[in-house]
2 protein chains.
Amino acid sequence: MLRRRKNKTPPLPPLCPLTTCMRLLGGAWTANIVWRLSGDPRRFSELRSDIPRISAKVLSAKLRALEENGVLTRHAVASSPPSVEYALTALGQELLPVIETIVQVGMKLQRMQDATPRAAPGAPRRPRAPAMNRT
Amino acid sequence: MLRRRKNKTPPLPPLCPLTTCMRLLGGAWTANIVWRLSGDPRRFSELRSDIPRISAKVLSAKLRALEENGVLTRHAVASSPPSVEYALTALGQELLPVIETIVQVGMKLQRMQDATPRAAPGAPRRPRAPAMNRT
DNA sequence: CGGTATCCCGAACGATACTG
DNA sequence: CAGTATCGTTCGGGATACCG
């Protein structure tokens with residue numbers, strides 16, 4: 001118990017930026033959040049209703065991570081009804097083409113998967129948890 | 001016991017292409033694998049050395065998933081030294097622009113994160129955990 | 001309204017050992 | 001060589017409750 005740290009944190013060789021970026025929008029939600037902000041800045045609650053099944057915890061965690069990575073900015077207005085606006089930075093804007101491309105390919109994938117029964121030849125794959133399905 | 005699955009399996013709205021695609025290259029490794037296959041077909045061991053820190057288990061799982069999704073093909077040669085070659089399908093090729101874009105943005109991210117102290121003007125964020133930085 | 005704190009589950013990942 | 005099996009660990013993420 002508690003004896004981890006046997007092989008963790010080895011001298012990590014620099015791996016490609018690919019992983020850096022994938023870690024950033026790795027979660028199911030992150031790309032969605034960025035996507036929602038592509039238009040105007042939005043507030044916390046607006047984002048919550050934009051992405052119905054996201055929890056406050058995850059949303060705030062993702063927003064914080066994105067802010068730390070310079071993808072978006074947080075502007076808090078300390079008025080009587082507290083209000084916080086999130087907006088993409090220039091860097092965040094640069095993510096948009098990525099996401100658009102992903103959406104394009106995603107549609108192709110869906111089309112192909114739909115047209116190809118494939119029926120798991122030989123070994124029925126695990127149907128995968130219905131965890132995250134949104135956008 | 002009997003934890004009621006109270007909120008699981010809600011009426012899932014149609015999942016968007018974004019999530020579909022992100023699910024596919026969701027892990028940190030998957031995009032890397034596809035990337036490695038962008039040139040010539042490669043064998044299992046070659047991929048393992050291409051991506052040093054990946055375990056055989058994960059690699060084989062990812063390869064299987066990608067094969068099921070029609071992203072790559074598996075050609076086993078039952079020769080004396082067994083040999084299996086993985087190659088991208090046409091669909092897999094379509095993922096390459098996505099990955100290239102991601103790499104581009106990833107490099108920008110790395111550059112900005114390196115150069116930007118990001119002094120959170122007006123509201124000092126509480127110094128949160130150093131986010132995700134693994135390779 | 002805009003979060004944070006706590007708990008807990010399941011998925012993803014890693015290491016090692018073993019098989020065809 | 002090309003995996004699979006098993007085990008253990010870490011991590012994302014959902015639920016609920018609570019605070020400024």
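Proteins come first, then strands; the chains are lettered A, B, ... in the order of their sequence lines, and each starts at number 1.
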Exercise. Does A:Ser38 have any side-chain contact (heavy atoms from CB on, under 4.5 Å) partners at least two apart in sequence or in another chain, and if so, which?
Worked result: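 Checked A:Ser38 against side-chain contact (heavy atoms from CB on, under 4.5 Å); matches are A:Leu96.
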Protein N or O to nucleotides 1-5 of chain D N or O, pairs below 3.5 Å:
| from | atom 1 | to | atom 2 | distance (Å) |
| --- | --- | --- | --- | --- |
| D:dC1 | O3' | B:Arg43 | NH2 | 3.2 |
| D:dC1 | O3' | B:Pro82 | O | 3.2 |
| D:dA2 | OP1 | B:Arg43 | NE | 2.9 |
| D:dA2 | OP1 | B:Arg43 | NH2 | 3.4 |
| D:dA2 | OP1 | B:Val84 | N | 3.2 |
| D:dA2 | OP2 | B:Ser45 | N | 3.1 |
| D:dA2 | OP2 | B:Ser45 | OG | 2.5 |
| D:dG3 | OP1 | B:Arg74 | NH1 | 2.2 |
| D:dG3 | OP1 | B:Tyr86 | OH | 3.4 |
| D:dG3 | OP2 | B:Tyr86 | OH | 2.5 |
| D:dT4 | OP2 | B:Ser60 | OG | 2.9 |
| D:dT4 | OP2 | B:Arg64 | NH2 | 3.0 |

Starting from [atom2] on [N], measure out to [atom1] on [X] and report it in whole angstrom.
X: A:Lys62; N: C:dT4; atom1: NZ; atom2: P; result: 14 Å
X: A:Leu66; N: C:dG3; atom1: CG; atom2: P; result: 13 Å
X: A:Leu59; N: C:dT4; atom1: CG; atom2: P; result: 10 Å
X: A:Asp50; N: C:dG2; atom1: CG; atom2: P; result: 13 Å

Exercise. Between CD of A:Glu100 and OG1 of B:Thr101, what distance do you get to the nearest 0.5 Å?
Worked result: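 Result: 10.5 Å between the selected atoms.
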Enumerate donor-acceptor pairs with a distance under 3.5 Å from any side-chain N or O in residues 86-93 of chain A to protein atoms, sequence neighbours excluded.
| from | atom 1 | to | atom 2 | distance (Å) |
| --- | --- | --- | --- | --- |
| A:Thr89 | OG1 | A:Gly70 | O | 2.6 |
| A:Thr89 | OG1 | A:Val71 | O | 3.0 |
| A:Thr89 | OG1 | A:Leu91 | N | 3.3 |
| A:Thr89 | OG1 | A:Gly92 | N | 3.1 |

Exercise. Are any non-hydrogen side-chain atoms of A:Phe44 and A:Ser60 less than 4.5 angstrom apart?
Worked result: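 Yes, close enough: below the 4.5 Å cut-off.
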Exercise. Do A:Thr73 and A:Glu67 come close enough that some side-chain heavy atom pair is under 4.5 Å?
Worked result: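 They are not in side-chain contact.
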Problem set entry | B:Trp29 vs C:dG14: side-chain N/O to OP1/OP2 distance below 4.0 Å |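 For B:Trp29, the contact criterion (side-chain N or O under 4.0 Å from OP1 or OP2 of C:dG14) is met.
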Exercise. Below 4.0 angstrom, N of the basic side chain to O of the carboxylate: do A:Arg42 and A:Glu85 qualify?
Worked result: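 No, A:Arg42 and A:Glu85 are not salt-bridged.
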